[in-house]
Amino acid sequence: MLQSSTAAREVKNPTWTVGDVHGQYSYSNPHADLYRYLSQWSDMESYLNVGYSRPGQYHLHASSHLRLINRLADGLLELHAAGPHRADRRLLDVAAGRGGAAIHACRRYGLEVVGVDITPYNAHRAAQNAREKEVWPQVRFNLGNAHRLPLADASFALAWSIESPAHFADKPAFLREVGRVLKPGGAFTWADLLAVEPVVTASAENRQIYDEFLRVWDVPYLETFDSYQQALTGAGLELRRAEIVTRYNLDILNRDCAIFLWLARFGWLYRWYGRYLKWRTGANLDHVYEHVLGSHRALRLGMIDYGLFWALRP
Ligand SMILES: C[S@@+](CC[C@H](N)C(=O)[O-])C[C@H]1O[C@@H](n2cnc3c(N)ncnc32)[C@H](O)[C@@H]1O
């Protein structure tokens, strides 16, 4: 039995490597099959976040990704408007994925964006998307690591990172890097998965469920709501606002997982759908099943939260 004092952020995925992250986002490990599956409803070649929906809003659609991005952007630009760099329209997108958020920032908010991502497939795909959407070169993408951003000190007035830090092996180091590249008075927002400490550490069984969640998502460890705020202060940044929005995204994901698992109990349906899915998207339904099960077991216990944060560099 584990001591309940074991801090959730100290609970690490022992097998994680950055190669797993590349695998998930380059369609070369089994966890990528979830994105193939989801591509039937949403634009997974542009957006790789869980989105945000209020009751009555349809979730499995690109519009849910855009709602999350707008929520972060509105809070960020509000801070920016009150700061010393309001005329500076350049945004840094840390771990920009396939570029959907950066492109949206340009089209809706008129921002120029530099995106950085560690996965070559994503950086390439993001650049292709920017060209197709005719926002290149206002929106550009580079290969790079959030732990050592290939950017000069104090070079951006605006920065964000959307649901990517979960994959970073050292989140305090990432926050310090953001603090380094932000101008004094610059604004920053990020969204991320959070471990709910008392639930993760409540029992050995919960720890196992949590380990499996980290494994299926190729995540090294998660911060908690509190540990993130401490790390932010340690990075010299000042928290302005934070929100837990689990009910608007992870709870919806969990409901969809429960429906999937219920339908999977009908063997004939599972076999038929497995063949259809393979033909339609190339995904292996058994891989999707494993991902959904590993997610649902953790989410239904309330083990994972989803946080939004807005901060300033003083
Ligand atoms: C869940 S996706 C989110 C992408 C994008 N922000 C979005 O909302 O669509 C996570 C992204 O983080 C990137 N990533 C993971 N570890 C990274 C690191 N150390 N440095 C830079 N990017 C990283 C992955 O390649 C992937 O594109």
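Computation of the quantities below employed the complete heavy-atom set of this structure, encompassing side-chain atoms and omitting hydrogens, waters and symmetry-equivalent molecules. Both ligands and their constituent atoms are indexed starting at 1 by order of listing.
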Nearest protein heavy atom with distance in Å, relative to atom 13 (C) of ligand 1: Asp117 OD2, 3.3 Å

Under 4.0 Å to a heavy atom of His167 - the qualifying atoms of ligand 1, by number: 10 (C), 15 (C), 16 (N)

Nearest protein heavy atom with distance in Å, relative to atom 19 (N) of ligand 1: Asn145 OD1, 3.0 Å

Derivation of the side-chain contact (heavy atoms from CB on, under 4.5 Å) call for Arg215 and Glu212: CA-CA 5 Å; Arg215 192 188 69 78; Glu212 180 61 4; 2.9 Å; yes

Proximal ligand 1 atoms for Ala96, defined as those under 4.0 Å from one of its heavy atoms: 5 (C)

Numbering as shown, the atoms of ligand 1 that approach Asn122 to under 4.0 Å (heavy-atom distance): 25 (O), 26 (C), 27 (O)

Side-chain donor/acceptor of Thr281 to backbone N/O of Leu277, under 3.5 Å: yes

Nearest non-hydrogen protein atom, atom 10 (C) of ligand 1: Ser164 OG, 3.3 Å

The one among Ile162, Leu149, Val18, Leu48 that brings a heavy atom closest to atom 6 (N) of ligand 1: Ile162

Shared hydrophobic cluster, Tyr109 / Val114 (ILVMFWY, side-chain heavy atoms < 4.5 Å): no

Presence of salt bridge, Glu112 and Arg89, under 4.0 angstrom: no

Top protein contact for atom 23 (C) of ligand 1, by heavy-atom distance: Ile118 CG2, 3.4 Å

Minimum-distance protein heavy atom relative to atom 8 (O) of ligand 1: Asn49 ND2, 2.9 Å

Per-atom contacts, ligand 1 versus Glu163 - under 4.0 Å to a heavy atom: 1 (C)

Minimal non-hydrogen separation, Tyr27 against Tyr121, with atom names: CE1-OH, 3.5 Å

Salt-bridge criterion met for Glu223 and Arg9 (N-O under 4.0 Å): yes

Cluster check Val116, Val113: I/L/V/M/F/W/Y, side chain < 4.5 angstrom: no

Protein residue, atom and distance nearest to atom 2 (S) of ligand 1, heavy-atom basis: Tyr25 OH, 3.5 Å

Short N or O distance, Thr119 and ligand 1, threshold 3.5 Å exclusive: yes

Numbered atoms and elements of ligand 1 in range of Gly144, under 4.0 angstrom, heavy atoms: 20 (N), 21 (C)

Heavy-atom check, side chain of Gln230 versus side chain of Thr233, under 4.5 Å: no

Test of proximity, Ala146 against ligand 1: N or O pairs below 3.5 Å: yes

Polar atom proximity, Asp93 to ligand 1 (N or O, under 3.5 Å): no

Which segment of Ala101 sits under 4.0 Å of ligand 1 when only heavy atoms are counted: neither

Identity and distance of the protein heavy atom lying nearest atom 18 (C) of ligand 1: Phe168 CE2, 3.5 Å

ILVMFWY network linking Tyr210 to Leu293, side-chain heavy atoms under 4.5 angstrom: yes

Glu78 and Arg241 ion-paired at < 4.0 Å: no

Ligand 1 atoms in contact with Tyr47 (distance to a heavy atom under 4.0 Å): 9 (O)

